[in-house]
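Okay, so here's the structure we're looking at.
For the single chain, residues carry numbers from 1 onward in sequence order.
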Amino acid sequence: MHFKRDLSIEEQSECTQDFYQNVAERVQTRGKVPPERVEKIMDQIEKYIMTRLYKYVFCPETTDDEKKDLAIQKRIRALHWVTPQMLCVPVNEEIPEVSDMVVKAITDIIEMDSKRVPRDKLACITKCSKHIFNAIKITKNEPASADDFLPTLIYIVLKGNPPRLQSNIQYITRFCNPSRLMTGEDGYYFTNLCCAVAFIEKLDAQSLNLSQEDFDRYMSGQTSPRKQESENWSPDACLGVKQMYKNLDLLSQLNERQERIMNEAKKLEKDLIDWTDGIAKEVQDIVEKYPLEIKPPNQSLVAIDSENVENDKLPPPLQPQVYAG
């Protein structure tokens with residue numbers, strides 16, 4: 001693989017998958033090793049290879065994995081208002097044990113990014129999924145079904161917003177031992193995670209049984225559905241949870257008020273600029289229509305006490321007279 005750095009990530013993936021298959025066939029046919037033992041051997045081979053190659057093949061610059069990571073992360077942030085009721089999630093987080101299971105599931109799905117080996121990343125997904133099944137079982141007092149699992153997994157992904165989600169999914173798909181993805185519980189849970197991400201990317205008003213108007217308002221942050229839910233608290237609801245939702249409602253109102261003030265300020269600024277431009281244009285039109293011309297005087301001014309009496313037709317100045325007393 002060190003000599004195949006110039007190949008595309010798909011070609012590198014194909015080389016790795018071919019290597020897995022060839023090694024597994026040789027061990028099983030020539031060495032006559034039982035299938036269970038072959039699986040353990042392949043796990044160790046995958047661990048050794050992918051630990052060495054991780055920094056070269058995880059989210060390479062030649063792909064758009066990073067771009068997809070940012071897109072799904074932004075999408076999940078925009079959907080922060082989605083409630084368990086909208087997704088028909090059969091989990092009651094008011095039960096302390098269920099709440100702990102939800103926290104553990106979120107922790108496991110986030111921890112996936114810290115692992116280097118595809119099998120270890122799959123193990124995080126499996127642990128997360130098992131916590132989800134336990135949370136559903138405690139809530140419903142009966143084993144969880146597949147119809148209950150997928151909506152809850154979507155809710156966990158929305159709530160946890162795992163880092164580099166798309167890169168991790170692509171990395172597992174490209175370089176995991178194919179026998180794990182095609183069979184067993186690891187492959188089943190990984191397939192469900194891919195379905196959950198696809199659902200989040202295409203989630204719309206119809207998916208949540210909402211009107212398009214409400215969906216657009218929630219997405220823009222103008223209001224939150226939790227505001228209506230907070231009005232119907234049960235008497236046994238936790239005071240801290242109540243206060244948290246009240247604070248969220250207050251922040252939503254302040255955000256709406258700030259956006260309104262900013263829009264009005266921008267409108268006022270535009271009106272002032274338009275008014276200034278209008279006045280300047282009117283002044284310019286008047287100046288062009290009535291140009292100011294300063295003409296020089298026809299005659300020079302003469303001092304009032306000059307001797308040019310004839311021209312000015314002024315009486316002569318008074319002469320002092322002396323009287324004998």
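The hydrophobic clustering, which links ILVMFWY residues whose side-chain heavy atoms are closer than 4.5 Å, places M86 and M219 together. The same ILVMFWY cluster, assembled from side-chain heavy atoms under 4.5 Å apart, contains both I95 and I106. Neither V117 nor I125 shares a network with the other; the hydrophobic side chains, linked directly or stepwise wherever heavy atoms of I, L, V, M, F, W or Y lie under 4.5 Å apart, form separate groups for each. Both V102 and I110 belong to a common hydrophobic cluster when Ile, Leu, Val, Met, Phe, Trp and Tyr are linked at side-chain heavy-atom distances under 4.5 angstrom.
With rounding to the nearest 0.5 angstrom, the CD1 atom of I154 is 8.0 Å from the CG atom of L203. Atom CD1 of residue I138 and atom NZ of residue K140 lie 13.5 Å apart, to the nearest 0.5 angstrom. From E97, atom CD reaches atom OG1 of T139 across 9.5 Å, with rounding to the nearest 0.5 Å. Atom CG of L208 and atom CG of L79 lie 8.0 Å apart (nearest 0.5 Å). Distance check: T62 OG1 to D6 CG gives 10.5 Å after rounding to the nearest 0.5 Å. The distance from the CD1 atom of I169 to the CZ atom of F190 is 6.0 Å, given to the nearest 0.5 Å.
Other residues, nucleotides and ligands place more than 12 heavy atoms under 6.0 Å from the CZ atom of R5. For E61, the CD atom sits in a loose shell: 12 or fewer heavy atoms of surrounding residues, nucleotides or ligands are nearer than 6.0 Å. When the shell of 6.0 Å around CG of N22 is examined, it contains more than 12 heavy atoms from other residues, nucleotides or ligands.
For the side chain to side chain contact (heavy atoms under 4.5 Å, CB included) test, residues two or more places apart in sequence or in another chain that qualify with L268 are L272. For C88, there are no side chain to side chain contact (heavy atoms under 4.5 Å, CB included) partners two or more places apart in sequence or in a different chain. Residues that satisfy the side chain to side chain contact (heavy atoms under 4.5 Å, CB included) test with T276, not counting sequence neighbours, are absent from this structure. In this structure, the side chain to side chain contact (heavy atoms under 4.5 Å, CB included) partners of S145, at least two apart in sequence or on a different chain, are D147, D148.
Residue pairs satisfying the ring pair (Phe, Tyr, Trp, His ring centres under 6.0 Å) criterion with at least one member in residues 104-127, sequence neighbours excluded, are absent. Sorted by first then second residue, the salt bridge (Lys or Arg N to Asp or Glu O under 4.0 Å) pairs that include residues 185-198, not counting sequence neighbours, are K130-E185, R180-D186. Residue pairs satisfying the salt bridge (Lys or Arg N to Asp or Glu O under 4.0 Å) criterion with at least one member in residues 8-22, sequence neighbours excluded, are absent. Listed by first and then second residue, the salt bridge (Lys or Arg N to Asp or Glu O under 4.0 Å) pairs involving residues 152-171 are E93-K159, D113-R164 (not counting sequence neighbours). Applying the salt bridge (Lys or Arg N to Asp or Glu O under 4.0 Å) test to every pair with at least one member in residues 70-79, sequence neighbours left out, gives no pairs at all. Within the structure, the ring pair (Phe, Tyr, Trp, His ring centres under 6.0 Å) test picks out the following pairs touching residues 105-148 (sequence neighbours left out): F133-F149.
Contact annotation: the side chain of Q73 approaches that of N161 to within less than 4.5 Å [non-hydrogen atoms, C-beta and beyond]. With contacts defined as side-chain heavy-atom distances shorter than 4.5 Å, the pair L122/C176 qualifies. Within the 4.5 Å cutoff, side-chain heavy atoms of R174 are placed close to those of T63. At a threshold of 4.5 Å between non-hydrogen side-chain atoms, the residues M101 and I136 do not count as touching. L87 has its side chain within reach of F199: a pair of non-hydrogen atoms, C-beta onward, lies under 4.5 Å apart. T152 places a side-chain heavy atom less than 4.5 Å from the side chain of P90.
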Inset, instruction - Go through the steps to decide whether K47 and D43 satisfy the test salt bridge (Lys or Arg N to Asp or Glu O under 4.0 Å), and finish with yes or no. - result: CA-CA 6 Å; K47 182 178 181 179; D43 288 342; over 6 Å; no
Run the salt bridge (Lys or Arg N to Asp or Glu O under 4.0 Å) test on D65 and K68 for me, step by step, so that the C-alpha distance in whole Å, both residues' side-chain angles and the decisive distance to 0.1 Å come before the verdict. CA-CA 5 Å; D65 291 351; K68 291 180 179 179; 5.3 Å; no
Show the numbers, then the answer: is there a side chain to side chain contact (heavy atoms under 4.5 Å, CB included) between I156 and C128? CA-CA 9 Å; I156 293 297; C128 168; 4.2 Å; yes
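With respect to the salt-bridge test (charged N to carboxylate O, under 4.0 angstrom), the residues K40 and E36 do not qualify. Under the 4.0 Å criterion applied to side-chain N and carboxylate O atoms, K267 and D271 are assigned as salt-bridge partners. Salt-bridge check for K281 with D285: passed, with a basic side-chain N closer than 4.0 Å to an acidic carboxylate O.
Taking a 4.5 Å side-chain heavy-atom cut-off between Ile, Leu, Val, Met, Phe, Trp and Tyr, the cluster of V103 contains only that residue. Within the hydrophobic cluster formed by Ile, Leu, Val, Met, Phe, Trp and Tyr side chains joined at under 4.5 Å, directly or through other members, L53 is accompanied by M1, I9, F19, Y20, V23, V27, V33, V38, I41, M42, I45, Y48, I49, M50, Y54, Y56, V57, F58, Y171, F175.
At least one donor-acceptor pair under 3.5 Å links the side chain of K121 to the backbone N or O of M112. A donor-acceptor contact shorter than 3.5 Å is absent between the side chain of D108 and the backbone of C124.
Heavy-atom minimum distance, E39 versus N177: OE2-ND2, 4.0 Å. The shortest heavy-atom contact between N192 and L150 is O-CD1, 3.6 Å. Taking every heavy atom of both residues into account, L165 and D69 meet most closely at N-OD1, 3.6 Å. The nearest pair of heavy atoms linking I76 to L158 is CG2-O, 3.4 Å.
There is no side-chain donor-acceptor pair under 3.5 Å between Q21 and Q17.
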